[in-house]
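First comes the structure, then the notes that go with it.
Numbers for residues simply follow the sequence, beginning at 1.
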Amino acid sequence: MSVFGGGDPGHKHLVDVLKYCQVILAVLPRSAENRHVDGGDFEESKENNRFAVFEEEDEDDDDEIYPSDPVSRPELDSKALSLDELMFSDDRNDCIIFLLTLDEIMGFVVDQYKTIVHNQSNNRRIGAPETVLVEDYLEAAVATNMAIQQVQQLEMDLKLQHEHLTTPYRLLSTLIMPKIAQSLADTMRHNALKQCTEKNILIFLGDCIECYFRAPSDLHNQSDTIVRDFCARFEINDEGTAEVQKTFVALKLIVIREVPVSSEKDQFSSFDLPKSHSWLQKMPHIGGDRAIHHTVRLLQAFGPVISNTPDDKKIDPKKGFFGQSPWRPGRSRKIHGDLDELLMSDIMPQLFLMCRSGIIGRAKLPRVNEICPLFVLLRDYVENPDRPVSWSLSFAIHAMLTAILETDRIADELMTMSKTVFDNYFNQLEWCLKMAGREPNFCKNPMWVDNMFYVMYLKNLGLPGFGHRAIWNPLFGGTTFSYLCFFGNLEIGCAMIDCHAQLRITLHLFHALRVNGIIREGQIPLLDMLHNCFKSSKGIWEGGLPKKGEFVKRFWICFGMNIATAKIMAERAKLIAQAHCLVPAEEESWKQRKMSPLEPSKISKCYRRICNRDFHDVKDKYHTPDQRRRMGGSDQYILAVRKNDTLDALQDEQVLLSFNLPTCGALLEQFICSLGRVLQWEPLLAGGVDDSILGEDKRQGFAVLFAQHLLGTLDFAQDPLSFEFLDIPLGEASSSFMTRFFSQFIDPSKALWFQATQEEI
């Protein structure tokens with residue numbers, strides 16, 4: 001049975017039975033009331049009587065529902081419903097609920113892109129940088145791709161529940177054509193030798209709709225055989241076959257009138273027919289001027305174009321066939337008609353090229369299912385263009401058109417901004433590669449080299465040959481940003497920013513200088529931002545932020561030592577700082593070190609929501625208690641709560657997301673290597689002192705000098721600013737160089753690929 005409730009005939013009979021029972025029971029004598037209760041009054045007894053709530057109900061409330069006059073006893077249908085018919089009785093209701101849910105979910109998409117237009121206007125008025133809008137772009141793309149995933153789940157559930165509703169066309173026939181199905185059923189009863197159920201008829205009508213949604217030249221169009229095959233299957237006589245053929249021909253008139261394209265719009269203007277795009281009434285986001293089944297027809301018609309295009313060829317669209325060409329922003333008022341030419345002559349040919357020959361089709365991109373279901377659906381469509389299009393693909397492309405329509409008047413500005421931000425990200429990577437090349441030991445690090453190759457490969461997502469309208473429309477461009485942000489920048493970036501322990505060394509030094517008051521908060525904004533972003537990272541701190549007296553011990557724990565060994569190292573650092581004696585480390589200390597990796601899910605809630613699909617701790621902060629009671633458990637409610645929680649996390653973490661983490665990794669490595677030169681540690685790292693411990697791993701040797709001398713000074717020395725090692729005041733030299741490096745030598749904007757609204761450098 002349907003999860004949405006029983007069918008119309010069953011409900012009607014049940015209500016009739018309830019009415020009959022109510023009328024009969026109303027005239028029967030009632031038992032005498034006995035309100036005497038030992039040991040207490042009546043009100044107290046009600047507290048112990050769970051049925052007391054029904055004893056004083058106002059019976060007048062039911063007058064309009066149940067009649068007071070006698071009614072006849074309902075009679076059962078002489079022919080009982082079969083199990084198949086009983087299961088099928090819910091189909092139309094479920095189709096309506098499915099489409100209403102799609103409409104409400106599309107409403108979420110509309111709201112996101114209206115917000116972009118609103119915020120862009122506000123940003124222009126206050127003179128904010130244009131890249132501030134990237135956050136809104138990310139939010140809209142994340143929300144829309146979450147909506148696409150929800151529609152995928154809804155479509156799967158619908159198919160599992162109603163195995164015959166496998167295509168949009170069969171759903172539309174079930175919803176729109178019950179009278180036609182009934183008329184055809186009468187024909188079948190009188191002219192078919194084999195029994196034909198209502199489900200069989202609606203499947204046939206849906207497949208007829210599909211014939212007219214497909215292009216006439218489509219090799220998979222069954223227009224020539226569908227009537228013959230149907231009549232042969234149920235052994236329909238000649239008279240019945242003629243009626244079925246008439247129905248099939250009449251459907252062409254109905255379909256083309258409902259979803260006309262190009263010259264078809266005036267083909268049947270002389271007929272007295274309903275206006276076009278009238279099937280999905282009272283669904284403002286997927287019906288009427290935004291009819292989603294119009295998008296279904298365009299996508300289905302584009303399928304044979306894909307099939308007939310050789311692998312080494314591009315699609316050469318016929319410009320102007322679907323509307324005015326070229327399409328220009330600022331003139332669109334509706335999706336059907338106004339955006340047909342843009343979709344069919346520009347966007348789809350370019351996306352086809354990207355899916356067949358570009359990065360989406362050629363590369364098996366990780367995390368694409370979680371972050372970019374839009375890409376997955378497009379790739380599957382290009383690989384299987386002969387299949388009936390799915391609701392999920394239609395919803396995704398319709399959401400793209402909706403985003404274009406909502407942002408139409410600022411389309412060129414958004415496209416320019418998107419391309420600028422994308423190019424800026426990879427320009428920063430090019431810059432950091434040059435900077436990393438200055439440090440031979442670092443640029444040969446396998447983790448750095450391999451991951452840098454991978455993240456640079458993502459530049460193929462923005463190749464100009466794919467067409468600006470295709471790859472930089474609001475949804476596709478925002479989805480590209482999402483993938484670049486959550487996979488390229490966060491997941492890969494977390495492996496690169498600390499691949500040589502450069503992040504944890506820098507932050508431990510910065511934190512110790514701040515605790516000692518040598519550097520003030522706000523003095524180095526870039527490090528303030530990094531410190532705030534990673535202050536909860538287990539990999540960096542292994543707990544809360546360390547206090548004075550814990551710097552050395554906590555650093556060694558974060559560097560992979562066990563607690564006992566870390567305490568020993570801290571005691572030795574204390575002797576160095578207070579007794580001015582050099583206590584060598586023991587080689588045994590380095591055995592079985594295990595550093596905790598920097599995990600993006602531990603520093604970013606929105607990453608955990610999007611990439612790990614982890615919603616176990618979401619909180620509903622926006623619905624009222626009454627709304628929760630009414631909507632709780634519905635697909636729309638679950639999506640709304642998860643979407644709101646994810647977007648809240650994205651807003652809270654926008655500073656972290658704005659960092660170009662691979663570039664930060666190179667920048668911090670340059671700082672660490674330069675700091676070693678400033679403090680005159682290079683001769684020691686070359687093996688001149690305590691070579692058994694410093695060894696060939698220069699970063700391991702740097703960690704020994706850093707923790708036992710520099711951090712030890714900030715942890716235990718009476719005057720950390722002036723305490724000297726190798727005749728250099730460690731506190732003063734490290735703090736002054738850190739300030740100059742991040743404020744003067746390096747442009748801080750090189751570390752940010754877009755401007756977060758919460759922070760400015």
Closest approach of [X] and [Y], non-hydrogen atoms and distance?
X    : Y    : answer
N612 : S601 : ND2-CB, 3.5 Å
F426 : L458 : CZ-C, 3.6 Å
L598 : D498 : CD2-CB, 4.4 Å
A649 : C606 : CB-N, 3.8 Å
F659 : C533 : CE1-SG, 4.0 Å
C432 : P662 : SG-O, 4.3 Å

[Y] and [X] side chains, donor-acceptor separation under 3.5 Å:
X    : Y    : answer
Q112 : T144 : no
Q755 : T131 : no
N516 : K548 : yes
Q708 : W556 : yes
T479 : N145 : yes
Q651 : E139 : yes
R469 : Q350 : no

Is a side-chain donor or acceptor of [X] paired with a backbone partner of [Y] at a separation under 3.5 angstrom?
X    : Y    : answer
H511 : P546 : yes
N644 : V641 : no
H508 : L711 : no
N451 : M447 : yes
D715 : E550 : yes
E491 : C611 : no
Q523 : R520 : yes
W753 : Q428 : no
N489 : L661 : yes
R367 : Y483 : no

Less than 6.0 Å separating the ring centroids of [X] and [Y]?
X    : Y    : answer
F716 : F551 : no
F555 : F559 : yes
W681 : H709 : no
W472 : F422 : yes
Y607 : F486 : no
F737 : F671 : yes
F481 : F754 : no

Give a yes or no on this: more than 12 heavy atoms of other residues, nucleotides or ligands lie within 6.0 Å of atom [atom1] of [X].
X    : atom1 : answer
K643 : NZ    : yes
R362 : CZ    : no
L726 : CG    : yes

Is any side-chain heavy atom of [X] closer than 4.5 Å to a side-chain heavy atom of [Y]?
X    : Y    : answer
N660 : L752 : no
L710 : F725 : no
L675 : S734 : yes
K547 : R554 : no
L705 : L685 : yes
V552 : R572 : no

Under 6.0 Å from the ring centre and within 45 degrees of the ring axis: does the NZ or CZ of K535 meet both conditions for the six-membered ring of W541?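 Here K535 fails the 6.0 Å and 45° test against W541.
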
side-chain hydrogen bond (donor to acceptor under 3.5 Å, both in side chains), that's the test. Do E653 and S604 meet it? Break it down for me. CA-CA 7 Å; E653 297 167 0; S604 173; 2.8 Å; yes

From [atom1] ([X]) to [atom2] ([Y]), nearest 0.5 Å:
X    : Y    : atom1 : atom2 : value
N424 : W431 : CG    : CH2   : 11.5 Å
S658 : L138 : OG    : CG    : 10.5 Å
L377 : C372 : CG    : SG    : 11.0 Å
T646 : I610 : OG1   : CD1   : 6.0 Å
L503 : I497 : CG    : CD1   : 4.5 Å
K750 : C664 : NZ    : SG    : 13.0 Å

Ion pair [X]/[Y], N-O distance below 4.0 Å:
X    : Y    : answer
R514 : D528 : yes
R609 : D645 : yes
R642 : D614 : no

Fit a plane to each ring of F375 and F476, take the angle between them on a 0 to 90° scale, and name the class: parallel (under 30°), tilted (30 to 60°) or perpendicular (over 60°).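 F375 and F476: tilted rings.
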
Starting from the C-alpha separation in whole Å, work towards a yes-or-no answer on salt bridge (Lys or Arg N to Asp or Glu O under 4.0 Å) for R677 and E439. CA-CA 12 Å; R677 288 188 281 268; E439 307 297 338; 2.9 Å; yes

Between D423 and K459, is a salt bridge (Lys or Arg N to Asp or Glu O under 4.0 Å) present by the stated rule, with each step listed? CA-CA 8 Å; D423 290 343; K459 190 175 183 179; over 6 Å; no

Carefully, step by step, assess E130 and R124 under the rule salt bridge (Lys or Arg N to Asp or Glu O under 4.0 Å). CA-CA 8 Å; E130 63 174 5; R124 183 189 299 167; over 6 Å; no

Determine, step by step, whether R699 and E669 satisfy the salt bridge (Lys or Arg N to Asp or Glu O under 4.0 Å) criterion, reporting the C-alpha distance in whole Å, the side-chain angles of both residues, the deciding distance to 0.1 Å, and the verdict. CA-CA 10 Å; R699 186 48 44 92; E669 177 66 20; 2.8 Å; yes

